[in-house]
Amino acid sequence: MPALMEWTFSLKEISRVASEFLQHTRDYKVFALHGQMGAGKTTFVHSICDILNVDSAVGSPTFSLVNEYDYMTEAGEKQVFHIDLYRIKDEEEALQAGIEDCLYSGAMCFVEWPEKAPGIFPPHTADVFISAENEGLRTLKLQYPEGNL
């Protein structure tokens, strides 16, 4: 049964939520980001990258499909892939674009619009549901398969 964590926050609190998120997901690398247009998926990934001290510009990969960011750890340089499948028609197109290579690379991957190609994700993918609430609040729900690392 998948575990579920939930945060409701304002944009002023997004850094705290992103930090807590990273603490709770240390063993996971691939995150399927679900949410309507404008829910805050890219903003959340940007906050994650800030915490990881990514020094390049972080933006939406809608037209490029994949943005790759580097960050340093004690073990050396690592990558974050920010993937947007919004413009992908189906799983075959995602495979041809090399998305699966990113997902199975061992790097941290955040994938917007995962429902466009659900069959390409590794079995240990964590689902993240982001929704815009009233009064500028966002709700983020983290669902991950326990014992499936």
Side-chain angles (χ1 to χ4, degrees), residues 1-71 78-95 97-105 107-146 148-149:
M1 173 146 220
L4 179 66
M5 299 196 67
E6 183 173 326
W7 294 267
T8 298
F9 57 96
S10 68
L11 288 180
K12 287 188 262 183
E13 300 170 300
I14 196 168
S15 183
R16 174 188 57 81
V17 172
S19 180
E20 289 176 15
F21 176 90
L22 286 172
Q23 290 173 8
H24 288 286
T25 59
R26 284 189 191 124
D27 295 329
Y28 291 85
K29 296 291 184 197
V30 180
F31 302 93
L33 302 175
H34 306 270
Q36 295 296 319
M37 188 86 60
K41 298 179 296 294
T42 297
T43 302
F44 183 70
V45 173
H46 192 286
S47 187
I48 294 284
C49 288
D50 286 347
I51 290 167
L52 296 174
N53 293 314
V54 167
D55 58 5
S56 57
V58 176
S60 176
T62 300
F63 294 102
S64 61
L65 299 181
V66 178
N67 288 349
E68 180 179 349
Y69 308 115
D70 297 324
Y71 67 100
K78 298 210 175 191
Q79 288 74 42
V80 173
F81 290 106
H82 184 191
I83 303 165
D84 190 328
L85 299 180
Y86 184 76
R87 295 171 44 97
I88 294 287
K89 292 180 202 145
D90 55 26
E91 289 176 5
E92 183 60 35
E93 188 176 350
L95 292 172
I99 303 300
E100 192 175 41
D101 293 339
C102 297
L103 299 177
Y104 288 86
S105 69
M108 193 177 298
C109 298
F110 292 90
V111 185
E112 297 187 36
W113 305 102
E115 57 276 358
K116 294 282 199 148
I120 67 171
F121 287 86
H124 56 279
T125 299
D127 288 297
V128 179
F129 301 89
I130 302 175
S131 59
E133 306 296 334
N134 293 329
E135 300 174 22
L137 297 177
R138 300 287 190 267
T139 296
L140 185 143
K141 295 178 183 178
L142 169 64
Q143 214 170 0
Y144 53 96
E146 292 185 71
N148 197 10
L149 291 175

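Keep in mind it's a predicted model, so treat the numbers as computed, not measured.
The 12-atom threshold is not exceeded at CD of Gln36, counting heavy atoms of other residues, nucleotides or ligands nearer than 6.0 Å.
Checked by atom type and distance alone, the side chain of Lys41 never pairs as donor or acceptor with a backbone atom of Ile130 at under 3.5 Å. For Glu93 (side chain) and Lys89 (main-chain N/O), a donor-acceptor pair under 3.5 Å exists by modelled atom type. In this structure a side-chain-to-backbone donor-acceptor pair under 3.5 Å is missing from Glu20 to Val17. In terms of modelled atom types and a separation under 3.5 Å, the side chain of Arg138 and the main chain of Ala39 share a donor-acceptor contact.
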Go through the steps to decide whether Tyr86 and Glu112 satisfy the test side chain to side chain contact (heavy atoms under 4.5 Å, CB included), and finish with yes or no. CA-CA 7 Å; Tyr86 184 76; Glu112 297 187 36; over 6 Å; no

Determine, step by step, whether Val58 and Val80 satisfy the side chain to side chain contact (heavy atoms under 4.5 Å, CB included) criterion, reporting the C-alpha distance in whole Å, the side-chain angles of both residues, the deciding distance to 0.1 Å, and the verdict. CA-CA 11 Å; Val58 176; Val80 173; over 6 Å; no

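Of all the heavy atoms in Leu52 and Met108, the pair that sits closest is CD1-SD, 4.1 Å.
Each of Phe31, Phe9, Tyr28, Tyr144 was checked for a ring pair (Phe, Tyr, Trp, His ring centres under 6.0 Å) with Phe21, and the lone residue meeting it is Phe31.
With hydrogens and angles left out, the side-chain atoms of Ser47 and Ser15 include no donor and acceptor closer than 3.5 Å.
The aromatic rings of Phe44 and Phe110 sit perpendicular to each other, their planes meeting at more than 60°, with 30° as the lower class boundary.
Two residues are said to be in side-chain contact when any heavy atoms from C-beta on lie closer than 4.5 Å; Pro122 and Tyr104 meet this criterion. At least one side-chain heavy atom of Thr42 sits less than 4.5 Å from a side-chain heavy atom of His82.
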